Amino acid sequence: TFCMDSRATNARGHTYGIASVFTDSNLRGHGLAGKLLTGVAAQLKTTDPLLQALILFSDVGVKIYARLGYQPLPSFDWIWTVGEHTEPLPRIQTVTREQLLDTRLAAEFDASFSVLPALAQLDWHAERTAFYGQQLGCRKHITCGWVRPRTQELVAAWAADWKENTLRILFNRSQTVEEFVQTRDAACAEAQSLGLKTVTQWEDSTCAAKEPAHFQAKRHPRDGAIPMILPVAPSLMSLLPTDREMTSLIWPECPRALWV
């Protein structure tokens, strides 16, 4: 599990991300994974009085985890093809992997429920990308995001997904259309330098209110890494509906940076 800062109905607390749930093929069908996840939730309820929720990202659909009380979010990707955007590289202050931990993340919570990724999570993504890139003989990242110069506040961060041949935007706090376009163009330039075919961003509140076509993006449903949430705090349990589309209104921003 990975502990993250969160807020539910104005109360600050913790949300834990669960990763790498696996049952050997010879042992499947006995409910072992369900018992493990139930046990983890019970243990966290006992040890962390600030526990608000557990989240995971399912690659096996939603039914298995829904039986345990996890609720899914709608999952869509915005995808840009590298080379289709020939605009000059935006004049922004990009950061390297080494500079990433010296940036700032704005502690903004704008929804009924929010989970704020930590710089350590972004650094984990960068380390993961560097490791696999080295093993596969791929090019090294030149940049991994950009900041607002005056405050050194991180606007966006990205990392290569070598397996899928795409650059993933992990985190995007663009506040204006201009910043969003700058993020897109800088990410496409980085992807091109790495020899990647596309740039991918998870749809969330940063971009959901805008039309993908306005930013020359193609919108595709995602069949893996589906965000799911198990509410624990009573205030959050009363907020979350059973309807998947309504769940996204309560938890509208789920960036790739939270994926573990």
Side-chain angles (χ1 to χ4, degrees), residues 1-6 14-22 40 44 54-59 75 77-80 82 92-108 114-148 151-174 183-184 186-202 204 206 222 224-228 253-260:
T1 61
F2 193 95
C3 181
M4 295 166 274
D5 291 331
S6 60
H14 296 148
T15 289
Y16 288 79
I18 295 180
S20 303
V21 179
F22 177 79
V40 169
L44 289 173
L54 284 80
I55 61 174
L56 54 80
F57 300 88
S58 175
D59 288 323
S75 304
D77 288 336
W78 282 25
I79 301 175
W80 292 274
V82 173
I92 56 177
Q93 183 178 329
T94 56
V95 292
T96 64
R97 161 79 191 285
E98 292 73 24
Q99 297 168 328
L100 183 62
L101 291 176
D102 293 326
T103 64
R104 294 178 55 251
L105 284 179
E108 297 176 3
S114 302
V115 186
L116 186 69
L119 287 173
Q121 284 174 276
L122 295 172
D123 186 62
W124 175 82
H125 281 277
E127 175 63 28
R128 183 175 182 270
T129 292
F131 173 80
Y132 283 111
Q134 183 178 26
Q135 297 300 310
L136 297 170
C138 300
R139 302 175 190 175
K140 291 185 178 180
H141 266 285
I142 300 172
T143 68
C144 66
W146 72 283
V147 296
R148 297 185 181 97
T151 61
Q152 292 299 296
E153 185 178 303
L154 191 66
V155 179
W158 46 72
D161 183 335
W162 305 112
K163 180 181 177 182
E164 300 298 331
N165 202 11
T166 192
L167 185 80
R168 295 195 179 277
I169 296 178
L170 305 173
F171 176 87
N172 188 349
R173 275 292 176 89
S174 298
T183 295
R184 180 202 66 188
C188 284
E190 178 69 9
Q192 190 166 32
S193 74
L194 296 173
L196 299 170
K197 291 180 64 177
T198 60
V199 170
T200 303
Q201 174 172 314
W202 286 8
D204 59 31
T206 302
R222 190 169 65 250
I226 299 171
M228 302 190 70
E253 185 176 8
C254 180
R256 171 77 182 191
L258 297 179
W259 177 84
V260 290

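Quick caveat, the model's predicted, so the values are computed rather than measured.
Applying the salt bridge (Lys or Arg N to Asp or Glu O under 4.0 Å) test to R256 and every residue at least two apart in sequence or in another chain returns nothing. A search for side-chain hydrogen bond (donor to acceptor under 3.5 Å, both in side chains) contacts involving E98 returns T96, not counting sequence neighbours. Residues satisfying the side-chain contact (heavy atoms from CB on, under 4.5 Å) test with Q152, not counting sequence neighbours, are Q93, V147. E164 meets the side-chain hydrogen bond (donor to acceptor under 3.5 Å, both in side chains) test with no other residue; sequence neighbours excluded. Under the side-chain contact (heavy atoms from CB on, under 4.5 Å) criterion, A156 pairs with W146, W158, N172, T183, sequence neighbours left out. Partners of S58 according to the side-chain hydrogen bond (donor to acceptor under 3.5 Å, both in side chains) rule, which considers only residues two or more places apart in sequence or in another chain, do not exist here. Residues passing the side-chain contact (heavy atoms from CB on, under 4.5 Å) test with T151, sequence neighbours excluded: R104, R148, E153. Not counting sequence neighbours, N165 has no partner by the side-chain hydrogen bond (donor to acceptor under 3.5 Å, both in side chains) test. Partners of I142 under the side-chain contact (heavy atoms from CB on, under 4.5 Å) rule, at least two apart in sequence or in another chain, are E190, S193.
Considering every non-hydrogen atom in both L194 and A160, the closest pair reads CD1-CB, 4.2 Å. Residue V260 comes nearest to G17 through the heavy atom pair CG2-C, 3.9 Å, listed as atom of the first residue, atom of the second, then distance. In terms of heavy atoms, L116 sits closest to M4 at O-CB, 4.2 Å.
Listed by first and then second residue, the side chain to side chain donor-acceptor pair (under 3.5 Å) pairs involving residues 119-130 are R97-D123, R97-E127 (not counting sequence neighbours). Under the salt bridge (Lys or Arg N to Asp or Glu O under 4.0 Å) criterion, no residue pair touches residues 132-141, with sequence neighbours excluded.
Counting non-hydrogen atoms of neighbouring residues, nucleotides and ligands closer than 6.0 angstrom, the CD atom of Q134 reaches no more than 12 such neighbours.
Between H14 and D5, the closest side-chain pair of non-hydrogen atoms falls below 4.5 Å. Contact annotation: the side chain of L167 never approaches that of D161 to less than 4.5 Å [non-hydrogen atoms, C-beta and beyond]. Contact check for W162 versus L196: side-chain heavy atoms found under the 4.5 Å cut-off. Looking at heavy atoms from C-beta onward, F57 lies out of side-chain contact with I226 at the 4.5 angstrom threshold. No side-chain heavy atom of S114 sits under 4.5 Å from any side-chain heavy atom of S6. Residues P255 and L170 fail the side-chain proximity criterion, which asks for heavy atoms closer than 4.5 Å. A heavy-atom distance below 4.5 Å is found between the side chains of L105 and L119. Residues L154 and F171 meet the side-chain proximity criterion, which asks for heavy atoms closer than 4.5 Å.
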Report task. Take W78 and W202 through the side chain to side chain contact (heavy atoms under 4.5 Å, CB included) test and state the conclusion after the steps. Result -> CA-CA 6 Å; W78 282 25; W202 286 8; over 6 Å; no

Query - Criterion side chain to side chain contact (heavy atoms under 4.5 Å, CB included) on T103 and V95, from CA distance to verdict - result: CA-CA 9 Å; T103 64; V95 292; 4.1 Å; yes

Query raised in the report: Does the pair L122 and L100 meet the rule for a side chain to side chain contact (heavy atoms under 4.5 Å, CB included), with working shown?
Result: CA-CA 8 Å; L122 295 172; L100 183 62; 3.9 Å; yes

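Rounding to the nearest 0.5 Å gives a distance of 9.5 Å between CD1 of I18 and CD1 of I55. Going from atom OG of S174 over to atom CD of Q201 covers 7.5 Å, rounded to the nearest 0.5 Å.
Checked by atom type, the side-chain pair T143/T94 shows no donor-acceptor distance below 3.5 Å.
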